[in-house]
J.: 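To start, I am sharing the structure in question, which I have written as structure tokens.
Remember, it's 1-based here, ligands and their atoms both numbered in the order they're listed. Remember, predicted model here, so these are calculated numbers, not experimental data.
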Amino acid sequence: MRARALRCMLGGMADYDVAIIGGGAAGLTLTHQLSGVNDRRGRPLRVALVEPPPGPHTPPPRTWCFWEPDGGPWDHLLAARWERLSVLGPDGTVHSSSAAPYVYKMLRSADVDAHVRATAGGDVDPLPLLVTGVRDGEGHAVVEGAEPGGGRRSLTAAWVFDSRPARPVPRGRTHLLQHFRGWFVRTSADAFDPGAALLMDLRPPQPAHGVAFGYVLPLSAREALVEYTEFGREALTTAGYERALRDYCGLLGLGEWEVTAAEQGVIPMTDARFRTRVGRRVFRVGTAGGATRPSTGYTFSGVRRQAAAVARALAEGRVPVPPVPYRRRHLAMDAVMLRALDTGRVGGAEFFAGLFGANRLGDVLAFLDGGSSLRRELAMGLSTPVAAMSLTTADQLWYSLVGGRGRGAVSPAPVPARRR
Ligand SMILES: Cc1cc2nc3c(=O)[nH]c(=O)nc-3n(C[C@H](O)[C@H](O)[C@H](O)COP(=O)(O)OP(=O)(O)OC[C@H]3O[C@@H](n4cnc5c(N)ncnc54)[C@H](O)[C@@H]3O)c2cc1C
């Protein structure tokens with residue numbers, strides 16, 4: 001620290017090359033990616049990882065799932081992996097096909113946190129600070145916040161990457177929520193196949209708006225993460241999720257079971273445009289920086305692509321603008337899907353059952369992570385309700401050309417207020 005202070009005094013430099021605000025998926029991934037990266041002059045980057053001390057601003061531990069071929073950089077930390085994946089239609093039809101080259105993987109956020117902090121080089125400073133403001137500047141930005149004891153502290157950094165939830169939340173034309181609660185359950189008899197994950201079970205009763213499904217990730221023959229998820233406009237109460245989860249465990253025929261832990265969340269599913277550059281020296285990353293895929297809520301892969309791009313730019317001495325990690329055409333397709341679901345032009349359960357029933361799982365997963373070809377995507381499009389999707393595509397095009405509601409754009413179907 002003393003050498004750093006001296007370097008700052010002599011060079012008139014900022015305290016840090018990089019300040020990362022938030023030690024969640026985006027902050028940890030970026031810290032990990034920057035550890036050991038040198039700047040153009042061959043000096044290790046000085047990084048501050050700013051995370052509030054444990055308290056109301058710290059998200060509870062969670063699991064992060066994603067898919068990629070075997071041999072990924074987090075493989076040694078995985079809590080579980082599954083090669084056999086399936087989707088169950090509303091009538092119980094099993095859609096199961098090869099997911100190759102992908103394996104579905106689960107990480108626990110606490111394991112990632114411990115690993116990133118343990119392997120961070122000496123040039124990474126973890127700072128417990130509740131950030132209250134970021135000031136942009138020409139030569140550096142200033143991060144201000146409150147220390148655990150209540151004292152004020154500020155630091156300067158050449159580049160700031162902010163992963164705090166964006167306020168206000170960017171608004172698009174369509175704004176749905178992926179909201180869910182998951183139970184880690186333990187059964188008294190063998191009930192799960194630890195090699196097989198159920199990605200979408202569309203048998204639960206469907207809500208009046210959007211779609212509902214179960215999700216089962218077995219951790220052993222007697223343990224699994226069992227989730228109840230909806231894509232819709234309004235989150236449920238915890239009691240509502242618990243009722244739905246109890247019913248779902250009954251549907252799975254688990255026999256006797258107990259809940260050992262729970263996780264709950266709300267992930268935005270929106271066609272809003274996310275800006276990643278919000279100042280000369282300040283950027284947004286993670287969900288706040290558009291890393292959440294609108295049609296799925298998956299974020300972890302996007303966060304990794306953002307972090308890799310930032311690390312490359314810093315090593316090459318370029319302005320490290322994080323990319324929104326999805327292709328424009330995929331975002332446009334997602335906007336159509338979300339719109340079709342929100343207006344009720346397509347029934348969610350039938351839509352997803354049709355998609356997974358008519359296409360190889362590996363191809364659908366490639367598309368959902370942005371790695372598919374246009375030809376394959378067009379073929380996949382034919383397995384969705386073509387008339388409803390074409391009408392919605394035309395509606396979206398009209399909306400973007402004419403530029404807003406009230407000038408020909410179709411407004412969403414009214415949704416009855418509902419809380420379970
Ligand atoms: C329960 C749950 C499960 C999920 N599962 C998956 C999954 O399986 N796969 C997937 O791809 N996505 C998943 N997601 C979506 C997404 O990956 C996660 O929400 C992910 O954590 C988003 O990363 P992030 O860094 O953008 O935000 P976060 O991980 O939420 O990180 C934001 C960080 O900012 C910090 N912060 C907040 N305020 C301040 C402040 N004032 N000062 C300093 N720091 C602050 C917080 O402490 C937090 O660490 C899940 C989300 C939830 C809620």
J.: Give me the residue, atom name and distance of the protein heavy atom closest to atom 24 (P) of ligand 1.
T.: Ala26 N, 3.9 Å

J.: Which residues pass the salt bridge (charged side-chain N to carboxylate O under 4.0 Å, His left out) test with Arg135, not counting sequence neighbours?
T.: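 Checked Arg135 against salt bridge (charged side-chain N to carboxylate O under 4.0 Å, His left out); matches are Glu144.
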
J.: Could you identify the single nearest non-hydrogen protein atom to atom 33 (C) of ligand 1 and state the distance to 0.1 Å?
T.: Gly22 CA, 3.7 Å

J.: Ignoring hydrogens and angles, tell me if any N or O in the side chain of Thr276 forms a donor-acceptor pair with the backbone of Gly289 under 3.5 Å.
T.: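 Checked: no pair found.
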
J.: Identify the heavy atoms of Ala19 and Val143 that sit nearest to each other, and give their distance.
T.: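 Closest pair (atom of Ala19, atom of Val143, distance): CB-CG2, 4.2 Å.
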
J.: Using a strict cut-off of 4.0 Å, indicate which atoms of ligand 1 neighbour a heavy atom of Gly286.
T.: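 That gives atoms 26 (O) of ligand 1.
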
J.: Please confirm whether Leu129 approaches ligand 1 to less than 4.0 Å, judged on its heavy atoms.
T.: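 Under 4.0 Å: yes for Leu129.
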
J.: Consider every N or O of Val303 and every N or O of ligand 1, then say whether any pair is closer than 3.5 Å.
T.: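 No, since none of the N or O atoms of Val303 sits under 3.5 Å from an N or O of ligand 1.
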
J.: Do any heavy atoms of Trp64 fall under 4.0 Å from ligand 1?
T.: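 Heavy atoms of Trp64 do come under 4.0 Å of ligand 1.
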
J.: Hey, does Glu263 come in under 3.5 Å of ligand 1, counting only N/O atoms on both sides?
T.: no

J.: For residues 312-319, dump all side-chain donor-acceptor pairs below 3.5 Å to protein atoms at least two apart in sequence or in another chain.
T.:
| unit_1 | atom_1 | unit_2 | atom_2 | d |
| --- | --- | --- | --- | --- |
| Glu316 | OE1 | Arg318 | NE | 2.8 |
| Glu316 | OE1 | Arg318 | NH2 | 2.8 |

J.: For atom 11 (O) of ligand 1, which candidate among Thr299, Asp162, Val285, Thr63 holds the nearest heavy atom?
T.: Thr299

J.: May I ask you to list the atoms of ligand 1 that are less than 4.0 angstrom from any heavy atom of Tyr298?
T.: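 Within the 4.0 Å cut-off of Tyr298, ligand 1 contributes 9 (N), 10 (C), 11 (O).
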
J.: Hey, which of Asp17, Asp125, Asp39 is the one that makes salt bridge (Lys or Arg N to Asp or Glu O under 4.0 Å) with Arg46?
T.: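 That would be Asp17; it is the only one of Asp17, Asp125, Asp39 passing the salt bridge (Lys or Arg N to Asp or Glu O under 4.0 Å) with Arg46.
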
J.: Just need the protein heavy atom nearest to atom 2 (C) of ligand 1, so name the residue and atom and give the distance.
T.: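 Ranked first by proximity to atom 2 (C) of ligand 1 is Phe180 CZ, 3.4 Å.
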
J.: For Thr174, run the side chain to side chain donor-acceptor pair (under 3.5 Å) check against Arg233, Gln396, Arg339 and tell me which one passes.
T.: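 Looking at Arg233, Gln396, Arg339, the match for Thr174 under the side chain to side chain donor-acceptor pair (under 3.5 Å) is Arg339.
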
J.: Does ligand 1 come near enough to Ile267 that some N or O of the ligand is less than 3.5 Å from an N or O of the residue?
T.: no

J.: Can you figure out which of Ser163, Pro52, Gly133 has its heavy atom closest to atom 43 (C) of ligand 1?
T.: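 Nearest option to atom 43 (C) of ligand 1, by heavy atoms: Pro52.
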
J.: Tell me whether the rings of Phe367 and His330 are parallel (<30°), tilted (30 to 60°) or perpendicular (>60°).
T.: perpendicular

J.: Using the side chain to side chain contact (heavy atoms under 4.5 Å, CB included) rule, take Asp70 and Arg81 through it: C-alpha gap first, then chi angles, then the decisive distance, then the call.
T.: CA-CA 10 Å; Asp70 255 336; Arg81 61 188 289 289; 2.5 Å; yes

J.: Considering Thr292, Thr132, Val131, Leu217, which one's heavy-atom position lies nearest to atom 42 (N) of ligand 1?
T.: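 Of the listed residues, Val131 has the closest heavy atom.
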
